[in-house]
Amino acid sequence: MAEGKRERRESSSEESVKLFVGQVPKNMTEVQLLTMFREFALVDEVNIIKDKTTRASRGCCFVICPTREEADKAVNACHNKKTLSGASSPLQVKYADGELERLEHKLFVGMLPKNVSEAEVSALFSTYGTIKDLQILRGSQQTSKGCAFLKYETKEQAIAALDAINGKHKMEGSSVPLVVKWADTEKERQARRAQKAQSQASNVPNTDSQHPSLFGALPLGYVPPYNGFGYQAPGYGLMQYRLPPMQNQPGFHSMIPTVNQGNALRGIAPDLGPSMNPRNYAIPPASYMGSAYHLQHPLAYPGGMFSHRPLSSSPRSVPPAVLSSSSATSSSIGKGSGGQVEGPPGANLFIYHIPQEFGDQELSTAFQGFGRVLSAKVFVDKATGVSKCFGFVSYESPEDAQSAISMMNGFQLGGKKLKVQLKRDNKQTKPY
DNA sequence: TCATATT
């Protein structure tokens, strides 16, 4: 018991350092990992990060080292240097989120006089400890922003300074006391940034209609103004999205009401006579365009309405999204609690050059004409939320995937051509 | 440019 207590304290002491390790095969145990890391450094414990509900490994773990020196040894020896059997890429070993900051003892100092020098700030704060780093924030013209970041050698020093100065000490020539706080952590900053981006986005009216991708922007079954074929969001039209060769295939022309054919292809609203009921155009569609907006996006052609399969020979020639106008929008993409649903071997696609503005939903919609889409994932930058323009689509069968490849690979979208290939398979052959 | 994941 005494021993357990001591161990606990060691693991969570100020000195110990937590590392985050990625690319850990899901079948490895904590003991195996512990053994492995101990070849390189002193390690107190390993904690595999598991799915909250399934308890399955999430393919990463934490490693606790007694000191920073030991942690650095582990990082230097392993990060990007070793690939564990079953992993697709080398181990990623780094300080866990917030860990570096925790060791930095970094303070924010506010309410500095604009003309104060580093030396003056340094002189004041040196009273409480050794300053490892000091930086007064300045604008483009070197003008002080009236605040600074400062790092102490130890946490105790930082606390001493914080207690002594915050709200109490006025610098020469200043009428307000300094503000001293712990600097925001990276996570806090991220949260703040996300918050800001969020509020800015919601301040823009009509975000949806301005979205270059019209998928998902309109409810399925929604009949747009005019006729459902020519409607376009401001600034965006079919012009930006080239049609695939598809249009030359048999059956293509017969799918579009003659009156509107030309314009539909260009995303131009036809000039309807005043007596004409615009909605008439969108009606026949029950089968044909569960949603008028399918036509607004060229991707609707290859995958959606104009399957390369003979139109009459298979029920699948009309994609699911088109059959039912009520259930199609979110034909339940695999978003099962964070995990991504993978299809059988050969049924998973890797897609590159996805338009920036596409999200999971748009990707799914674009690829749903070839089979049931089990999952569709566009990768986004963790910090900015910006698409990395690649992603994955999984189908139930390899045949679906092959159809999608033959139809969508090389398909021009927004200036670039989609690259559609089978996803690489990193699964190791199971020994037994 | 191939599932990157922070108990």
Chemist: Please test Phe392(A) against Phe350(A) for ring-ring contact (aromatic ring centres under 6.0 Å, His included), starting from the C-alpha separation and ending with a verdict.
Modeler: CA-CA 5 Å; Phe392(A) 299 91; Phe350(A) 170 71; 5.7 Å; yes
Chemist: Could Lys419(A) and Tyr352(A) be counted as a cation-pi pair, given that NZ or CZ must be under 6.0 Å from the ring centre and within 45° of the axis?
Modeler: no
Chemist: Can you check the Gln92(A) CD to dA5(B) P distance for me, whole Å?
Modeler: 13 Å
Chemist: Output yes if the stacking criterion (under 5.5 Å between centres, under 30° between planes) is met for Phe20(A) over the base of dA5(B), else no.
Modeler: no
Chemist: Do the side chain of Lys388(A) and the base of dT4(B) come within less than 3.5 angstrom through a donor-acceptor pair of N or O atoms?
Modeler: no
Chemist: Tell me: CD1 of Ile49(A) to P of dT4(B), nearest whole Å?
Modeler: 13 Å
Chemist: Ser375(A) side chain: which of dT6(B), dA3(B), dC2(B) is closest?
Modeler: dA3(B)
Chemist: Does Lys18(A) reach a base, just sugar-phosphate, or nothing at all? Heavy atoms under 4.0 Å.
Modeler: base
Chemist: Quick one: Leu100(A) CG to dT6(B) P, roughly how many Å, whole number?
Modeler: 19 Å
Chemist: What is the distance from CZ of Phe392(A) to P of dT1(B), rounded to the nearest Å?
Modeler: 12 Å
Chemist: Determine the contact category for Ser394(A): base if any of its heavy atoms lies under 4.0 Å from a base atom, sugar-phosphate if only primed atoms, P, OP1 or OP2 are that close, otherwise nothing.
Modeler: base
Chemist: Check the distance between dT6(B)'s P and Lys52(A)'s NZ and give it to me in whole angstrom.
Modeler: 9 Å
Chemist: Which residue lies toward the 5' end of DNA chain B, Asn348(A) or Phe62(A), if each is placed at its nearest nucleotide?
Modeler: Asn348(A)
Chemist: When you measure from the side chain of Lys377(A), which nucleotide among dT4(B), dA3(B), dT6(B) comes out closest?
Modeler: dA3(B)
Chemist: Can Phe350(A) be classed as stacking with the base of dC2(B), given a centroid separation cut-off of 5.5 Å and a plane angle cut-off of 30°?
Modeler: yes
Chemist: List the residues meeting side-chain contact (heavy atoms from CB on, under 4.5 Å) with Cys78(A), not counting sequence neighbours, and say none if there are none.
Modeler: Phe37(A), Phe40(A), Lys82(A), Leu91(A), Val93(A)
Chemist: Verify, without hydrogens or angle tests, whether Lys168(A) (side chain) and Asp163(A) (backbone) share a donor-acceptor contact under 3.5 angstrom.
Modeler: yes
Chemist: What is the distance from OH of Tyr352(A) to P of dA3(B), rounded to the nearest Å?
Modeler: 14 Å
Chemist: What is the distance from CD of Gln421(A) to P of dC2(B), rounded to the nearest Å?
Modeler: 11 Å
Chemist: Quick check for you: among dA3(B), dT4(B), dT6(B), whose closest atom lies nearest to any side-chain atom of Lys423(A)?
Modeler: dA3(B)
Chemist: Tell me what Lys94(A) touches on the nucleic acid: a base, only sugar-phosphate, or nothing, going by heavy atoms under 4.0 Å.
Modeler: base
Chemist: From CG of Asp51(A) over to P of dT6(B), roughly how many Å is that when rounded to an integer?
Modeler: 11 Å
Chemist: Taking the side chain of Ser88(A) as its heavy atoms from C-beta onward, which of dT7(B), dA5(B), dA3(B) lies nearest to it?
Modeler: dA3(B)
Chemist: Using the P atom in both, what is the distance from dT1(B) to dA5(B), to the nearest Å?
Modeler: 16 Å
Chemist: What class does the angle between the rings of Tyr395(A) and Phe370(A) fall in, given that below 30° is parallel, 30 to 60° is tilted and above 60° is perpendicular?
Modeler: perpendicular
